[in-house]
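Take a look at this one; I'll ask things after.
Below, chain A is the first sequence line, B the second, and so on; all start at residue 1.
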Amino acid sequence: MELMNVRVWELLVIGTALIFSVSEWIAIHRKGNRLDNSGDICWYVQVNRIGTAKNSFWNTIFFGRNNREKVGLEEGCYFVGNRPYDDIWISAGGKRVKLYLNIQKDHAYLSILKGRITIFNNEYVADPTKRIPLPEMTRITIYDIEMELFKRRGWP
Amino acid sequence: MIWISYMISSFALYIWTTMSVVCDSNSPKVGYLLILIVLNTGITILWFLDKERQIRKGVFIMAFLTNFGLSVSYRMKEFVSIGFFGLEVSRYTIDLLLMIGVFVAVYETVRHLEFQDNNIFKFSVILLLPVTIIGARLTGNKIYGSYLYFCGIMVFGIVLALFPFAASSFMSMKENHYIFSVKRISWDMMGFLLYSFLLYAGCMLLNEFGLLLILGLTSSVLFWIRCKDMLTKTVYTCACGGGAFLASVRISHINDRVRIWLNPASAFGDQILGEKAESTLYLFRHIYQMGWWGNGIGNLPKSIYRTLDSDHVLITLMNDYSILLAILILFLSVILVRWMLMVPAGLDSYFRYLNLSCALIMAFILLINVASNLGSFITAGIGFPFISDGGSVNLMLTSLVAVHCGLIAKGSDNYD
């Protein structure tokens, strides 16, 4: 009898532990009550297509890309380029372009790793040692794409 | 449902433990009950205070694991008298009271203080880690070949409690200067690597390879996330791989375990390796005896492992409590790590890296303990979070969870 009593408590612990585990799992994964891991957005990048529109079947159905997109950026460094594995993928035609975008709270810097771009009618070629400071509303032209940077509204 | 199931399981575990483990007097039973009431009262207060319902998820899991820590500690029958009506309590009970205090203190500090721009604080923490390691080497006593303590506190606990703050200082630095070009590593990342290698060297001086492993894994993941250059990451990974290979060849207890795993059959026949093979592969040889429902609390003898309540507590849980409970505990631990990885949106990058570092340390401690208990070549010496006996380590883990809770509250305060 003594042993059976012990077994009853054991089963109770296991049963309630199972209920507790399932409840916790549901609580963690429930929508609307989840934590978001994104940082504070301090800059926005808006990308416009200035060349021929690319509204192919693949673009529309599988990628859903429009001719204008806007992305919020947190503090950090990003590779911007025309390859899918770049952090920010821009669908620019022409040769390979790879930029290193350094976003800080109150400044943004750009370095050109590959290709050539135009900023306010000035052409820049690849030079990984050079950092170009980007004031707000800078327009960067990469072949048939125009990229514009501006700070988040209300951001110091 | 969470509160009800937790309360029932907590008190049912108490009754199960005290019925299974017979003590000379009722004093330990009373002590166990009192601390359980204190713990569950604190948890209930948190339940009502946590309006956002984010903090309670992880803290309840922590409390659930702590219940098993109390049970295992009671099982060991090593009590201390605290002079309060001659009350006898387990060592874990005293640690738990400290854990509650540390949790509240760290939580309030992280929630209310804005130290992300305080360079004096950051520099002090960065300096404190090497000082702790060197201090342990110079002033500590050798215990089983390692220098484990500094000022009476385990170096493992001090370093891992402060490392997230040091790491996030480096990770959140603005990249303004580079070695050669932006294609290569920035100076702040190089500084982080050099600092990490300094800590690794310190760990080798102390013979504390468990700490080195945790620091190495955490630093590597942070470095991989932060550094953009693939060549640098590859070189770093090869260097770490080379170091691990050297360790497996030159450090005797790691080398023994690797040899046991490469050829278990011959290891059992070997005069020197045989005893180690028995303890390393104990779980695989005896799992069929454990059964799904456990052999009863107190069944596993100390002759198998001296560390039944610390490094090998998972085997104690599987043998004594049940494999089902051990699986649930592992499942909850994974959920705990998952919970620790998420923070509210909009936090400063310093706090996001701080949170990530805390979560990574918890994850790797859990992973290494499970791997060690399953008999891998990874060495033991790291206990299961919150269940294993070990005041310094449990306090460190509590502070990591408290940092995460403080960041959740800070994010909610910012949103308001």
For Arg75(B) and Ile297(B), indicate whether the former's side chain and the latter's backbone hold a donor-acceptor pair under 3.5 Å.
-> no

Which one of Cys77(A), Gly76(A), Ser111(A) has the most heavy-atom pairs closer than 4.5 Å to chain B?
-> Cys77(A)

Least distance between heavy atoms, Phe384(B) atom then Val370(B) atom = CE1-CG2, 4.3 Å

Can the ring centroids of Trp224(B) and Tyr236(B) be said to lie less than 6.0 angstrom from one another?
-> no

Note: Leu366(B) and Val334(B) closest approach over all heavy atoms is CD2-N, 4.3 Å

What residues of residues 10-21 of chain A sit under 4.5 Å from chain B when you count only heavy atoms?
-> Glu10(A), Leu11(A), Leu12(A), Val13(A), Ile14(A), Thr16(A), Ala17(A), Leu18(A), Ile19(A), Phe20(A), Ser21(A)

Looking only at heavy atoms, which of residues 61-69 of chain B get nearer than 4.5 Å to chain A?
-> Ile61(B), Phe64(B), Phe68(B)

Salt bridge present between Arg96(A) and Asp86(A) (N-O < 4.0 angstrom) = yes

Salt bridge check: are Glu136(A) and Lys151(A) linked by an N-O gap of less than 4.0 Å?
-> no

Specify the closest pair of heavy atoms between Val59(B) and Trp339(B), including all atoms of both residues, with the distance to one decimal.
-> N-CH2, 4.3 Å

Side chains of Leu70(B) and Tyr14(B): does their closest heavy-atom pair fall under 4.5 Å?
-> no

So, does Lys57(B) use its side chain to make a donor-acceptor pair with the main chain of Ala27(A) at under 3.5 Å?
-> yes

Say whether, by atom type as modelled, one donor and one acceptor occur between the side chain of Lys122(B) and the main chain of Gln116(B) under 3.5 angstrom.
-> yes

Is chain A contacted by the side chain of Tyr6(B), its backbone, both, or neither, given a heavy-atom distance below 4.5 Å?
-> both

Heavy-atom contacts under 4.5 Å, residues 319-330 of chain B to chain A | Tyr321(B), Ser322(B), Leu324(B), Leu325(B), Leu328(B)

Measure up the Tyr74(B) and Tyr32(B) rings against each other and bin them: parallel (under 30°), tilted (30 to 60°), perpendicular (over 60°).
-> tilted

Check ion pair Glu114(B)-Lys410(B) (N to O, under 4.0 angstrom) | yes

If you take all heavy atoms of Ser168(B) and Tyr353(B), which pair is closest and at what distance?
-> CB-CB, 3.6 Å

Donor-acceptor contacts, no H, no angles, side chain residues 119-132 of chain A, under 3.5 Å, sequence neighbours left out:
{"residue": "Glu123(A)", "atom": "OE1", "partner": "Arg116(A)", "partner atom": "NH1", "Å": "2.8"}
{"residue": "Asp127(A)", "atom": "OD1", "partner": "Thr129(A)", "partner atom": "N", "Å": "3.2"}
{"residue": "Asp127(A)", "atom": "OD1", "partner": "Thr129(A)", "partner atom": "OG1", "Å": "2.6"}
{"residue": "Arg131(A)", "atom": "NH1", "partner": "Glu175(B)", "partner atom": "O", "Å": "3.0"}
{"residue": "Arg131(A)", "atom": "NH2", "partner": "Asn176(B)", "partner atom": "OD1", "Å": "3.1"}

